[in-house]
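Let me begin by presenting the structure, written as structure tokens, before commenting on it.
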Amino acid sequence: MIVKMYFLNYVPFTFDEVPSVAMDDPEVVMEANKNKIITDEQLYKSSSYLTEELAMPLVYELDLENPQDLPDDN
């Protein structure tokens, strides 16, 4: 599955699903293939780590360099 992954200092913490229309776009597929695969277990461990360190941007208010790059709250 192709998703838009969010990172904090290279630590993945959440993702947004990519619309099915975009998954059929060859450019999107090519870009996705350039990136490493992150498993559910890796995402769980890294987001748990950030939460334990009080650094989970979705839970705690942090001073971030690019807060506009966070996922929407919908």
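Residues take their numbers from the sequence shown, with the count starting at 1.
Listed for the E52 side chain is no donor-acceptor partner under 3.5 Å among the backbone atoms of Y49. Under a 3.5 Å cut-off, the side chain of T51 and the backbone N or O of M56 do not form any donor-acceptor pair.
Residue-environment remark: CD1 (I37) stays at or below the threshold of 12 foreign heavy atoms within 6.0 Å. Residue Q42 qualifies as enclosed at atom CD: its count of foreign heavy atoms under 6.0 Å is above 12.
I38 and Y6 are members of different hydrophobic clusters when ILVMFWY side chains are connected at heavy-atom separations under 4.5 Å. Transitive grouping of hydrophobic side chains (ILVMFWY, heavy atoms separated by less than 4.5 Å) brings M1 and F7 into a common cluster. Hydrophobic clustering (side-chain heavy atoms under 4.5 Å, transitive across Ile, Leu, Val, Met, Phe, Trp, Tyr) groups V28 together with M23.
Between E65 atom CD and L8 atom CG the span is 10.5 Å, to the nearest 0.5 Å. How far OH of Y60 is from CD of E53: 10.5 Å, rounded to the nearest 0.5 Å. Expressed to the nearest 0.5 Å, how far CG of L54 lies from CD of E61 amounts to 13.5 Å.
Nearest heavy atoms, A55 versus L62: O-CD1, 3.4 Å.
The shortest side-chain heavy-atom distance between F13 and P57 falls under the 4.5 Å cut-off. Side-chain contact between L43 and M5 is present, with at least one heavy-atom pair separated by less than 4.5 Å.
The side chain to side chain contact (heavy atoms under 4.5 Å, CB included) with I2 is formed by just one residue from the set N35, D25, N33, V29; it is V29.
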